[in-house]
Amino acid sequence: METIYSDLQQLGGKTELPASPEEAMLEKVANPQADVDYCVRFTAPEFTSLCPMTGQPDFAHLVIDYVPDHYLVESKSLKLYLGAFRNHGAFHEDCTVSIGRRLVELLSPRWLRIGGYWYPRGGIPIDVFWQTGETPKSVWIPDQGVPPYRGRG
């Protein structure tokens, strides 16, 4: 029997971590609640990528909020996509905005925002924020809940 999940290729089986974000397969499913506005949040508190200059690891706490339209991102494929950044060299800004743009390309959501809260390297934390437009007024969009970096303060 065909369902909205029938075309998923990664869920329910062993799946290798993609070698790069470009090779990662993000999957979507039909939104069974497409007639109402609601917010979906994904939090990745241990996101890792590499500095493109030094090859040293960079760490971030990512928060992705979106108001879906016709599609939802399948969470295992998102986890594998984010994991593919572990061996990917890019600046914090590029990683954060690229993730947001790839999700928008896949889902065409009514609205999406991503907050990349990067841990300090060289003594400077970098926070990167990107969204597709005005925050929807008809949906409860909670604060991302990540305080500004304070060090030992």
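In this structure the side chain of Val73 reaches within 4.5 angstrom of the side chain of Tyr66, judged on heavy atoms. Residues His88 and Glu22 are in side-chain contact: their nearest non-hydrogen atoms beyond the backbone lie under 4.5 Å apart. For the pair Pro68 and Leu107, the minimum side-chain heavy-atom distance is 4.5 Å or more. The shortest side-chain heavy-atom distance between Gln33 and Asp35 falls under the 4.5 Å cut-off. With a 4.5 Å cut-off on side-chain heavy atoms, Pro109 and Val67 do not count as touching.
The side-chain contact (heavy atoms from CB on, under 4.5 Å) check on Tyr119 picks up Phe59, His61, with sequence neighbours excluded. By the side-chain hydrogen bond (donor to acceptor under 3.5 Å, both in side chains) test, Tyr117 pairs with Gln144, sequence neighbours left out. Scored by the salt bridge (Lys or Arg N to Asp or Glu O under 4.0 Å) test, Arg41 finds Asp65 as partners (sequence neighbours excluded). Listed by chain and residue number, Asn31 satisfy the side-chain hydrogen bond (donor to acceptor under 3.5 Å, both in side chains) test with Tyr38 (two or more places apart in sequence, or in another chain). Under the ring-ring contact (aromatic ring centres under 6.0 Å, His included) criterion, Phe47 pairs with Phe85, Trp118, sequence neighbours left out. By the side-chain contact (heavy atoms from CB on, under 4.5 Å) test, Arg121 is found to be paired with Cys51, Thr54, Gln56, Asp58, residues two or more places apart in sequence or in another chain being considered. In this structure, the side-chain contact (heavy atoms from CB on, under 4.5 Å) partners of Pro125, at least two apart in sequence or on a different chain, are Pro120, Tyr149. Looking at residues two or more places apart in sequence or on another chain, you find a salt bridge (Lys or Arg N to Asp or Glu O under 4.0 Å) between Asp69 and Arg110.
The shortest non-hydrogen separation linking Gly133 to Trp111 is O-NE1, 3.2 Å. Here the closest non-hydrogen pair linking Leu26 and Leu78 is CD2-CA, 3.7 Å. For the pair Ala24 and Ala84, the tightest heavy-atom approach, listed with the atom from each and the gap, is CB-CB, 4.4 Å. Between Leu80 and Leu17, the shortest heavy-atom distance links the atoms O-CD1, 3.7 Å. Considering all non-hydrogen atoms of both residues, Ile114 and Leu112 come closest at N-CD2, 4.4 Å. When all heavy atoms are compared, the tightest approach of Ser138 to Asp37 is OG-OD2, 3.2 Å.
The salt bridge (Lys or Arg N to Asp or Glu O under 4.0 Å) analysis of residues 99-109, with sequence neighbours excluded, yields no pairs. Within the structure, no pair that satisfies the salt bridge (Lys or Arg N to Asp or Glu O under 4.0 Å) test touches residues 82-99, not counting sequence neighbours. Counting only residues at least two apart or in different chains, side-chain hydrogen bond (donor to acceptor under 3.5 Å, both in side chains) contacts with residues 122-134 are absent.
Taking Ile, Leu, Val, Met, Phe, Trp and Tyr as members and joining any whose side-chain heavy atoms lie under 4.5 Å apart, directly or through other members, the hydrophobic cluster of Met53 also contains Phe91.
Rounding to the nearest 0.5 Å places OH of Tyr81 at 16.0 Å from OG of Ser75.
Cluster membership check: Ile99 shares its hydrophobic cluster with Phe42, using side-chain heavy-atom separations under 4.5 Å among Ile, Leu, Val, Met, Phe, Trp and Tyr. Ile141 and Val104 fall into different hydrophobic clusters, defined by Ile, Leu, Val, Met, Phe, Trp and Tyr side-chain heavy atoms under 4.5 Å apart, directly or through other members. Linking Ile, Leu, Val, Met, Phe, Trp and Tyr whenever their side-chain heavy atoms come within less than 4.5 Å leaves Leu82 and Val146 in two separate clusters. Transitive grouping of hydrophobic side chains (ILVMFWY, heavy atoms separated by less than 4.5 Å) brings Val40 and Val29 into a common cluster.
Residue Tyr71 qualifies as open at atom OH: its count of foreign heavy atoms under 6.0 Å is 12 or below.
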